[in-house]
Structures are given as C-alpha cells and as structure tokens.
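Working notes, beginning with the structure itself.
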Amino acid sequence: MKGVLQALEVAATWAVPLFVVFVPWYGILRKVRVYEAFTDGAKEGFTVAVRIIPYLVAILGAVGALRGSGALDALATHVGPYTEKLGLPAVALPMLIIRPLSGSAAQGVVAGVLADPKYGPDSYAGHLVSVMAGSTETTFYVLAVYCGAVGITRYRQALPAALMADVVGFIASIAVCWVLFR
C-alpha cells in the first residue's frame, strides 16, 4: 500500500509538467504551428476576459451592497433565532446568501466563523460553514463567467436547476453536520 501511495505521489508531482511538455510536442508531431496556435488562443482568452467583465462587476457589486448595507447582519439578527432550532445557527445564515454569489466572499464568511473565539474550527458552526462551502457552488458567478464567455444571456433552466442544487447542498450540509457534529 505504501508503494502505491508513493507511486501516486510521484505521478501527481510530475503530471502537470509532463502534460505541459507533451502538448507542444504532440502538436509538432501533428504538424500544427504551435506558437501561432498558442498566441491565437491567448488573444481569444483576452477577448473572453474583457467580455465577462460586466458580469463580474454586477456580481461583485451585489456582494458589496449586501455586505456594506448590513443586510447580512440584519438577516442573521432577525432570522437567526428561528433557524437555530433547525440546526442553522445565525452565524451561518450569511453563507446561504453569499455562497451562490461569490466563492471568495463565502470563504470570508468561513474564515470569520473559524477565527471567531466564540465558535472556532471545532464548533458545530465551524463544521457547518465549512461543509456548506464544500457542498455548494457559486452559482451566479459560474453562470456569469461561463455563459458570459460564450454570449448566453438567457439562462433558461440552468439558473433554477443550479439554485435547486444549492438548496439541496445546504439542506444536506445541515443534516450531515447535525448527525456528525451536534
């Protein structure tokens, strides 16, 4: 077993460098103009990055407005006492709003709970926000970036399906943490 783990560790260490070397050589063998293909891809990547900037500004603006207005704190203060009975402490409530919008803001919520001496990493709230962060997706961010990159402005069923998956992820996180850490 130890030999297999060592082999996997060596393979993991060398996988990316070998892939980076393999791709240009494979292109050369297939008679592809590798440098020109690379620069064309880089130009297209820059164009995509510029195209998704408005979507990212909208998402970041929404996160900033929620945090700056105190809406998240008000939600935790007023709704938290009711949700605590369901296994969702008030300190974890902002995660429900922030996580679908921004991964880095959600990590800020997680870091805040873990650093708070009242809770900490071994508390139920610490476990819950950590599991929530790992079990849900940054739905609006992903839709904005990926759909914005290819010019899709009408999400149709993607948004309801993704939000439903987030709700299931949040409920499952609460259930799992309730069973394992409460």
Side-chain angles (χ1 to χ4, degrees), residues 4-5 8-9 11-13 15-16 48-49 52-53 55-150 152-182:
V4 172
L5 291 176
L8 288 174
E9 188 174 323
T13 301
V16 172
V48 168
I52 65 172
I53 284 175
Y55 302 104
L56 291 176
V57 168
I59 294 290
L60 295 176
V63 170
L66 283 171
R67 292 183 117 181
S69 69
L72 295 176
D73 295 334
L75 175 75
T77 302
H78 297 297
V79 180
Y82 302 107
T83 60
E84 286 197 25
K85 296 172 185 166
L86 301 172
L88 182 62
V91 72
L93 270 174
M95 193 69 159
L96 300 176
I97 305 297
I98 289 295
R99 179 64 179 160
L101 292 172
S102 169
S104 58
Q107 290 304 316
V109 171
V110 172
V113 171
L114 297 181
D116 190 335
K118 184 177 176 184
Y119 301 105
D122 290 331
S123 67
Y124 174 75
H127 289 295
L128 180 61
V129 294
S130 299
V131 172
M132 282 181 168
S135 304
T136 55
E137 184 55 71
T138 55
T139 299
F140 289 101
Y141 179 81
V142 167
L143 287 176
V145 170
Y146 293 117
C147 292
V150 293
I152 296 173
T153 56
R154 297 184 64 189
Y155 302 134
R156 299 176 56 167
Q157 290 85 14
L159 182 59
L163 289 177
M164 228 177 341
D166 280 340
V167 169
V168 170
F170 286 127
I171 292 171
S173 299
I174 294 168
V176 167
C177 287
W178 183 272
V179 170
L180 294 178
F181 303 114
R182 190 88 177 178

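These figures come from a predicted structure and were not determined experimentally. The figures that follow rest on heavy atoms only: side chains count, while hydrogens, waters and symmetry mates do not.
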Taking every non-hydrogen atom, the tightest pair across V63 and A105
CG1-CB, 3.7 Å
What residues, two or more places apart in sequence or in another chain, satisfy side chain to side chain contact (heavy atoms under 4.5 Å, CB included) together with V57?
I53
Using 0.5 Å steps for rounding, measure from the CD1 atom of I97 to the CG atom of L66.
7.5 Å
Heavy-atom check, side chain of V110 versus side chain of M132, under 4.5 Å:
no
Measure the CG-CE distance between L93 and M95 for me, rounded to the nearest 0.5 Å.
12.0 Å
Quick one: pull up CG in L8 and OG1 in T13 and give me the separation to the nearest 0.5 Å.
10.5 Å
Residues pairing under side-chain hydrogen bond (donor to acceptor under 3.5 Å, both in side chains) where one sits in residues 113-130, two or more places apart or in two chains, turn out to be none
Any donor-acceptor N/O pair, T139 side chain to L163 backbone, under 3.5 Å:
no
Might you confirm whether atom OH of Y141 has over 12 heavy atoms from other residues, nucleotides or ligands at distances under 6.0 Å?
no
Here's a test for you: under side-chain contact (heavy atoms from CB on, under 4.5 Å), which of T138, L96, T136 qualifies with D166?
T136
Exercise: identify the closest heavy-atom pair between G103 and R99
CA-NH1, 3.7 Å
Contact summary for G126 and L114, nearest pair of heavy atoms
CA-CD2, 3.7 Å
As an exercise, state the distance from CD1 of I52 to SG of C147, rounded to the nearest 0.5 Å.
11.5 Å
Atom CD1 in I59, atom OG in S102: separation rounded to 0.5 Å?
8.5 Å
Give every donor-acceptor pair under 3.5 Å between a side-chain atom in residues 170-179 and any protein atom, sequence neighbours left out.
residue: S173; atom: OG; partner: G169; partner atom: O; Å: 2.7

When rounded to the nearest 0.5 Å, the distance separating OH of Y155 from CZ of F140 is 9.0 Å
Should the heavy atoms of other residues, nucleotides or ligands under 6.0 Å from CZ of R182 be counted, would the total exceed 12?
yes
Nearest heavy-atom approach of L128 to P89 is CD2-CD, 3.5 Å
